[in-house]
Number of protein chains: 2
Amino acid sequence: MSGYDLALGRTLELAVLLHDDIARSLAAEGLTRSRAHLIRELHRRGPVRQRVLAHALDVSARNITGLVDALVTTGFVTREPHPTDRRVILVTLTEKGARMAEEMDRDRRELARALFSGMRKDRFDAFTEGVDAILARLRETAPKRDPLPVTAGGHGE
Amino acid sequence: MSGYDLALGRTLELAVLLHDDIARSLAAEGLTRSRAHLIRELHRRGPVRQRVLAHALDVSARNITGLVDALVTTGFVTREPHPTDRRVILVTLTEKGARMAEEMDRDRRELARALFSGMRKDRFDAFTEGVDAILARLRETAPKRDPLPVTAGGHGE
DNA sequence: TCCAAACATGATGCCGGTTCACTGTGTTAT
DNA sequence: ATAACACAGTGAACCGGCATCATGTTTGGA
């Protein structure tokens with residue numbers, strides 16, 4: 001019984017620590033979780049319209065405007081006109097934005113090494129299995145998000 | 001190499017999911033992470049002065065005033081005068097606050113069961129070992145907090 | 001011509017956090 | 001005793017982030 005509680009306690013602690021650690025290192029670059037998420041999404045999908053981002057981040061369109069505003073003023077992103085549809089603005093990663101996206105990837109890989117390297121293989125495997133199992137259970141409770149009926153978007157994806 | 005990355009990805013996902021899940025269920029009760037933390041601290045320590053809370057939550061004294069304000073208006077907490085030192089106010093859990101603290105404990109235990117029950121013991125053990133190992137590594141990077149030179153506090157602890 | 005999509009803007013609200021100045025209260029040393 | 005210092009907490013003013021709704025503008029298309 002109490003073993004579970006203890007394990008959950010540690011797991012939550014881990015969750016909070018990781019979460020805060022990420023938030024901290026993002027803040028050091030002038031980013032936040034939302035903004036970083038936006039950058040990552042952009043990096044994977046290429047230039048897209050804001051509506052797509054709104055859906056991907058699961059927030060209101062208004063909020064995307066705000067996030068993009070912030071990223072524009074900090075130079076991570078630009079708003080480019082859509083080649084044919086003049087209503088549409090394609091949010092596009094700048095050089096700096098792309099570099100940042102890659103740096104975030106690198107940081108992640110570094111962190112991965114820092115956390116896991118030197119761990120015995122059997123323990124590592126068991127750990128990842130455990131994580132997966134818990135993720136699965138957690139997702140059963142978590143809310144679902146219906147897919148965007150992809151209109152005629154920016155290219156990418 | 002890439003195995004680490006994948007594992008970290010899952011772990012981060014777990015961290016975020018857990019974090020957000022907690023935030024959500026707290027919000028449902030009119031709480032936030034900070035306020036819940038304050039309640040937990042109060043539940044463990046008994047009535048204490050705000051300064052102690054400021055230290056425990058690692059925020060400014062002023063901020064504690066704000067958190068306590070909020071918890072007072074929502075009825076989780078009261079401010080009681082210190083019996084002898086009239087400068088001091090002892091923040092005290094109300095009945096409702098105490099119930100909430102215990103409910104949070106219960107919820108935790110429930111969550112623990114939901115996540116871990118049914119997991120094979122060897123995997124469970126390996127998982128917790130993995131969590132501990134990662135926590136240890138993570139803490140090496142994390143900032144430290146010097147202990148409060150316990151003055152003449154509220155009772156408890 | 002007129003509707004609807006895509007986005008912008010303004011007004012609000014909440015959260016969490018800060019600094020600075022100030023009051024009221026103990027403590028201590030002269 | 002009293003003057004000087006230390007401590008607890010508050011009020012005011014602020015910053016920044018995330019999120020909302022309502023409303024406005026431009027533009028593509030039926």
Side-chain angles (χ1 to χ4, degrees), chain A residues 16 19-20 22-24 26-38 47-74 77-92 148-154, chain B residues 16 19-20 22-24 26-38 47-74 77-92 148-154:
Chain A
V16 170
H19 181 269
D20 292 356
I22 290 169
R24 241 177 351 98
L26 285 177
E29 314 263 19
L31 292 177
T32 62
R33 226 177 88 191
S34 299
R35 295 183 195 174
H37 189 177
L38 201 158
V48 291
R49 66 182 76 183
Q50 296 192 176
R51 218 195 128 213
V52 174
L53 292 173
H55 186 267
L57 306 211
D58 198 25
V59 298
S60 69
R62 176 64 182 95
N63 205 0
I64 294 296
T65 301
L67 292 174
V68 172
D69 282 352
L71 290 171
V72 166
T73 68
T74 45
V77 140
T78 56
R79 295 189 220 244
E80 303 294 336
H82 189 288
T84 68
D85 188 339
R86 280 195 293 178
R87 290 171 304 183
V88 176
I89 286 175
L90 292 180
V91 183
T92 308
L148 174 70
V150 182
T151 337
Chain B
V16 171
H19 181 271
D20 292 357
I22 289 169
R24 242 178 350 97
L26 285 176
E29 314 262 18
L31 291 176
T32 62
R33 225 176 92 190
S34 299
R35 295 183 195 172
H37 189 177
L38 201 158
V48 291
R49 66 180 78 182
Q50 296 192 175
R51 221 197 126 211
V52 174
L53 291 173
H55 187 267
L57 305 212
D58 197 25
V59 298
S60 68
R62 183 60 183 86
N63 201 8
I64 294 296
T65 302
L67 293 174
V68 172
D69 282 352
L71 290 171
V72 166
T73 67
T74 44
V77 140
T78 58
R79 294 189 221 246
E80 304 294 337
H82 189 288
T84 68
D85 188 338
R86 281 192 294 176
R87 289 173 306 183
V88 175
I89 287 176
L90 293 180
V91 183
T92 308
L148 174 69
V150 182
T151 338

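Here is how names work: the chains are called A, B, and so on, in the same order as the sequence lines, proteins then strands, and each is numbered from 1. Here the structure is a predicted model, which is why all the values come from computation and not from measurement.
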For [X] and [N], give me the distance from atom [atom1] to atom [atom2], rounded to whole Å.
X	N	atom1	atom2	result
Asp58(B)	dG17(C)	CG	P	9 Å
Arg35(A)	dG17(D)	CZ	C1'	7 Å
His37(A)	dG17(D)	NE2	P	18 Å
Leu31(A)	dG16(D)	CG	C1'	14 Å
Leu53(B)	dC7(D)	CG	P	19 Å
Leu71(A)	dG16(D)	CG	P	15 Å
Arg24(B)	dC15(C)	CZ	P	18 Å
Leu38(B)	dG16(C)	CG	P	11 Å

Going by the rule side-chain hydrogen bond (donor to acceptor under 3.5 Å, both in side chains), which residues pair with [X] if we only count those two or more places apart in sequence or in a different chain?
X	answer
Asn63(B)	none
Thr78(B)	Glu80(B)
Thr74(B)	none

**OP:** Give Leu67(A) one of three labels, base, sugar-phosphate or nothing, depending on what nucleic acid heavy atoms sit under 4.0 Å from its own.
**Re:**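 Answer is sugar-phosphate: Leu67(A) comes under 4.0 Å of backbone atoms only.
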**OP:** Looking at every strand, decide which applies to Thr65(B) at a 4.0 Å heavy-atom threshold: base, sugar-phosphate, or nothing.
**Re:**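 Base contact - Thr65(B) has a heavy atom under 4.0 Å of at least one base atom.
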Original post:
With sequence neighbours excluded, what pairs up with Arg62(B) under the salt bridge (Lys or Arg N to Asp or Glu O under 4.0 Å) test?
Top reply: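 Arg62(B): no salt bridge (Lys or Arg N to Asp or Glu O under 4.0 Å) contacts found.
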Original post:
In chain order, what residues pass the salt bridge (Lys or Arg N to Asp or Glu O under 4.0 Å) check against Arg87(B), with sequence neighbours excluded?
Top reply: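 Arg87(B) satisfies salt bridge (Lys or Arg N to Asp or Glu O under 4.0 Å) with Asp85(B) once adjacent residues are dropped.
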**OP:** Counting heavy atoms from C-beta on, name the nucleotide in dG9(D), dA8(C), dG16(C) closest to the side chain of Val88(B).
**Re:**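 So the side chain of Val88(B) is nearest to dG9(D).
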Original post:
What nucleotide among dC15(C), dA6(C), dG9(D) has an atom nearest to a side-chain atom of Arg51(B)?
Top reply: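 Selected nucleotide: dG9(D).
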Taking N or O atoms only and anything under 3.5 Å, show me the protein contacts with nucleotides 19-27 of chain C, one pair per line.
residue : atom : partner  : partner atom : Å
dG26(C) : OP1  : Arg86(B) : N            : 2.7

**OP:** Look at Gln50(A) and dA8(C) and indicate whether a side-chain polar atom (N or O) is within less than 4.0 Å of OP1 or OP2.
**Re:**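 Gln50(A) to dA8(C) OP1/OP2: side-chain N or O found under 4.0 Å.
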**OP:** Indicate whether OP1 or OP2 belonging to dG17(D) is found under 4.0 Å from a side-chain N or O atom of Thr32(A).
**Re:**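 Checking dG17(D) against Thr32(A), no side-chain N or O comes under 4.0 Å of OP1 or OP2.
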Original post:
Looking at Val72(B), Leu67(B), Val77(B), Leu71(B), which hits side-chain contact (heavy atoms from CB on, under 4.5 Å) with Val91(B)?
Top reply: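 Filter result, single survivor: Val77(B).
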**OP:** Let me know, please, whether Arg33(A) or Ile64(B) comes out on the 5' side of the other along DNA chain D by nearest nucleotide.
**Re:**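 Nearer the 5' end of the strand: Ile64(B).
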Subject >> Side-chain donor/acceptor of Ser34(A) to backbone N/O of Thr32(A), under 3.5 Å >> reply: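 The answer is no, because no donor-acceptor pair under 3.5 Å joins these two groups.
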